[in-house]
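As the structure is a prediction and not an experimental result, all values here were calculated from the model. The figures that follow rest on heavy atoms only: side chains count, while hydrogens, waters and symmetry mates do not. Chain letters run A, B, ... following the sequence lines, proteins first and then strands; every chain starts at 1.
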Amino acid sequence: MLDKRYDHKQVEEGRYDKWLKEGYFSMHDLTKTPFSLVIPPPNITGKLHLGHAWNTTLQDIIARYKKMKGYDVLWLPGMDHAGIATQARVMAELRKQGIDTKNLTREQFLKYAWEHKDTFTKTIHEQWKMMGLALDYSHERFTLDEGLSKAVNEVFVRYYNEGLIYKDKRIINWDPVQMTALSNIEVIHKDEEGDFFYFAYPIVGSEDKLIIATTRPETMFADVAIVVNPKDERYKKYIGMKAINPANDEPLIIIADDYVDKDFGTGVMKCTPAHDPNDFLIGQKYHLPMPECMNKDATMNELAKGYVGLDRYVCRAKLVEAIKNKGLLVKIEKIVHAVGHSERSDTVVEPMLSSQWFVKMKPLAKKALEMSKSKEHVEFIPARFEQVFIRWMENLEDWCISRQLWWGHQIPAYYHKVSGELLVSSTPPKDIENYERDKDVLDTWFSSALWPFATLNWLEDSKDYQRYFPTDVLVTAYDIIFFWVSRMIMQSLSLTDKIPFKRVLIHGLVRDEHGKKMSKSAGNGVDPIEVIDKYGVDALRYFLTTISTPGQDIRYSEEKIVASSNYLNKIWNATRYVLTSLEDIKLDGLNIDENLLTSIDSLIILRFNKTLKEVEDAMERYDFNMASTHLYNFVYDDFCSSYLEASKTILRKGEEKVKINTAKVLLKMVTNIIKMIYPYTPFIAETLYLSLPSHLASINLETYPEEISMKLDKNLIKEANLIYSSIFAIRSFKAEQKLRPHDALNLEIAAKFDVSPYASLILKDLLHLGEINVLNEDKLDPSGKNFIFSEAKINLIVKQDDEEITTEINKQLETIEKEILRSKKMLDNPSFLAKAPKALIEKEKEKLAANLSIKEQLVSKLPK
RNA sequence: GGAUACUUAGCUCAGUUGGGAGAGCGUUUCCUUCACACGGAAGAGGUCGUAGGUUCGAUCCCUAUAGUAUCCACCA
């Protein structure tokens, strides 16, 4: 017997362990059609946040739904080693423990890192368990596991041999805190107010000075030239001359290049090839020297005479002061400009000249762009995100993939100790003692890009790979389309010649109540574990996945979690009622007899079929908001408010076999509701399911409800509609007239179809009426209050004076007149008749006729 | 500087091929009736940002415009 209240703790307790033990999520029926998806592997660094909860629940709903629909579902779990993030975190932990990280060897560090990995794996498993995810743990992977590492090495070597991977010295984004190179997309540009320094450069052999502005004076030690536009009349005469760098009094050659914009700033630019990407290009073009003035930790090196060892900003301040003292500081302007920050450490990124490994993106992007135009393309949901993806592809620069870290896939490149010869190989050279391996590791996203196929053992051309690849859907937030989605598509196309997934479901981010992005630093994060503890994971899951439109952000709202929980309580109690009712009824099986259906049975079946279709259509589009809305309306309005209440009369007063039949319909409805809510809220669904009189070992083994195909009598449907509209009309009337709900008024019914005795019984119970008579229309008591429907009229015997009657009828006439006017306006319009769909015209004509008839009857009821 | 999304009831948001505006919360009145007071019944509340256009008909399509948010962008 179910408790009176839905208690989420009781419902969730021990369930998941049982499911895992039974292996419900790892059983694969190879005779079924495969359906696969891979989890976006969470970093082994942090706690689960609401974004994870949302992302994984969406996938869980898909996995559970598809399984119910008869697919062999593989939902593959796994985690990401998250190079920079994890290394930073482990280092911080070690420092906290008082361990000297500066003298740590690579091997020592890796030992700690793997311990950390084990700890966090447990944490993440615990979190997945709390969310109730239908993951197949027998297929779990880790980006640094043996198989994936092998795949990464293989891909690196393959790309290198094809010329897609190369090593080069160029300007990259350098994170001076993490001490590693970054790719372009790991740099976050923030608009910041900064100083724009205008310095005077005295020209050698002239009294003139050139004014040059810069935001980074500390790089001036590495200046090698001054550049002007060749067409700029102001400066033409100085080309080929020299000017004195106010930072170090060194002469700089003045050259000309079209790159310089005459109208920007003073029209004169200084060239610092080793510390600026554009200057680097100019430096290359004119074969300029490329000195560096900074160390890897963004302190100044020996080139910055007098400032050696100082931090870049300290140097900047002192240098500006020194130039000012020389009288060469012209002015300082405040400007707002985009400053690049490291995604992980949030420090200002320093463009630096460095030797790194790169992936040539153009050929990869080309394939991806061709794919997007072909038939076998990745479908983005919502579609607009495909444009985001394409635009990015079209403007790709080469991807810097080497990182100066320890935690990650070490680059399979070897340098000969004597000759310096470079050897790239997935296996170490035989005479390894003569070689030194490249110390760098690969960008985490390089391995993540292989995730959908490498996890299925693509290299070995395994059975899993053949069966489950390409995967069916990928679910992810829009913020990693560039980082991850697009790279998976590119790598997959180039390596497997297939798209990695057929569809991508893009969701948004979870924001706080005020619409702000949740973050640790802002302290506005909501811990899902607390929400789960308070309201249950089902309420959280329902909230996350049913209030949003695809691709749109959601706002966290405790109110809505409460609303979700109340909805679950509603279903809980409806089930409880049905089960209680069944206790007194002896069911002879579960099959519904279509010949014994009452009007309300017929209507609920009709409405169920409609709802099922709507829900399935929405589920197919992954529109969980619409799917749940349809189901919600069915549960509340059609089932609980209407059918369940009306069926009480049948259960109490119905003929034995009719009563049994209605009980079966009730049970069928409740069973189907439980099954349909299951993908969203599996815990409560399982609990309710197991309390049903007939069930399998677990709802996880169930199939999705199917349409109830029965012949439904049209008159019965009409009768049910009459019952419900009568209830509504009379309740409104009583409330408006300030009549007490229990006033036992009498009622007369006149209909153009047969009305069964059950109709009267139901109305009597639900409206607390006195006597009810079904009569011919001409026999109706003329003094009653009429409610006119299109094919029926009911007459409530109530005393009203003429004034009351007139007021009320006029009120009704007013609304009816509006409707009639609207219909007439449409139907009198020849263009409408000529161009509108015929069905619509017919519908409108019918409406008009019905309303005219009602109007006529209302007018006739007006007191003379 | 480009691009996208959003603007609908007091608040937070739905609204699927253009054909009578919806939900949750809040709010008013009534009901502790035998599934549920985490409830039930009946209401109130919106010129669908603004201005044009297309159409027989626009919350929906097009253009412009205002505000908000996000993403992209090497201009010193």
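- The base of B:A35 sits within donor-acceptor range of the side chain of A:E645, with an N or O pair under 3.5 Å.
- Taking atom P on both B:U4 and B:A64, the two are 11 Å apart, rounded to the nearest angstrom.
- Comparing the same atom, C1', in B:A35 and in B:C48 gives a spacing of 39 Å after rounding to whole Å.
- Rounded to the nearest Å, the gap between the C1' atom of B:U27 and that of B:U68 is 28 Å.
- In this model, no side-chain donor or acceptor of A:N278 finds a partner on the base of B:C75 within 3.5 Å.
- A cation-pi arrangement is absent between A:K560 and A:F543 under the rule of less than 6.0 angstrom and at most 45 degrees off the ring axis.
- For the P atoms, the distance linking B:C60 with B:U54 amounts to 15 Å, nearest Å.
- Close to B:G39, at under 4.0 Å from its OP1 or OP2, lies a side-chain N or O of A:N566.
- A:N625 comes within contact range of the sugar-phosphate backbone alone, with a heavy-atom separation under 4.0 Å but no base atom that close.
- Using modelled atom types, one finds a donor on one side chain and an acceptor on the other under 3.5 Å when comparing A:Y286 with A:D257.
- Within the nucleic acid shown, A:K843 has no heavy atom closer than 4.0 Å to any nucleic acid atom.
- Looking only at atom types and distance, the side chain of A:K270 has a donor-acceptor partner in the side chain of A:T272 under 3.5 Å away.
- Rounded to a whole angstrom, the distance from the P atom of B:A37 to that of B:G19 is 41 Å.
- Base engagement by A:R621 is indicated by at least one non-hydrogen atom pair under 4.0 Å involving a base atom.
- To the nearest angstrom, P of B:C74 lies 21 Å from CH2 of A:W174.
- Here, B:A51 and B:A66 have their C1' atoms 11 Å apart, quoted to the whole Å.
- Not one side-chain nitrogen or oxygen of A:K648 sits closer than 4.0 Å to the OP1 or OP2 atom of B:U33.
- Using a 4.0 Å cut-off, some side-chain N or O of A:R555 falls inside it from OP1 or OP2 of B:C13.
- For A:A213 and A:Y577, each mapped to the nucleotide of RNA chain B holding its nearest heavy atom, the one lying further toward the 5' end belongs to A:Y577.
- There is a side-chain donor-acceptor pair under 3.5 Å between A:S183 and A:E186.
- Between A:T549 and the phosphate of B:A14, there is a side-chain N or O to OP1/OP2 separation shorter than 4.0 Å.
- As judged by a 4.0 angstrom heavy-atom cut-off over every strand, A:A563 is placed among residues touching the sugar-phosphate backbone only.
- Contact annotation for A:S557: no contact, since no heavy-atom pair falls under 4.0 Å across all strands.
- Under the 3.5 Å distance criterion, the side-chain polar atoms of A:R576 are left unmatched by any main-chain donor or acceptor of A:Y6.
- With rounding to whole Å, A:L644 atom CG is found 12 Å from B:G40 atom P.
- For A:T649 and A:K764, the side-chain atoms include no donor-acceptor pair closer than 3.5 Å.
- Looking at A:E192 and A:H341, their side chains do bring a donor and an acceptor atom within 3.5 Å of each other.
- Taking side-chain N and O atoms only, A:K570 has a distance below 4.0 Å to OP1 or OP2 of B:G40.
- With P as the reference atom, B:C13 and B:U8 are 9 Å apart, rounded to whole Å.
- Atom NE2 of A:H507 and atom P of B:A5 are 19 Å apart (whole Å).
- Comparing B:A5 with B:C61, their P atoms are spaced 10 Å from each other, to the whole Å.
- For B:G40, neither phosphate oxygen OP1 nor OP2 lies less than 4.0 angstrom from any side-chain nitrogen or oxygen of A:S641.
- Contacts of A:P837 with the nucleic acid, taken as non-hydrogen atoms under 4.0 Å apart, include base atoms.
- With hydrogens and angles ignored, a donor-acceptor pair under 3.5 angstrom links the side chain of A:K560 to the base of B:U12.
- At the heavy-atom level, A:Q552 lies under 4.0 Å from the strands shown only through sugar-phosphate atoms.
- A:F196 comes within contact range of no nucleotide atom at all, as no heavy-atom separation falls under 4.0 Å.
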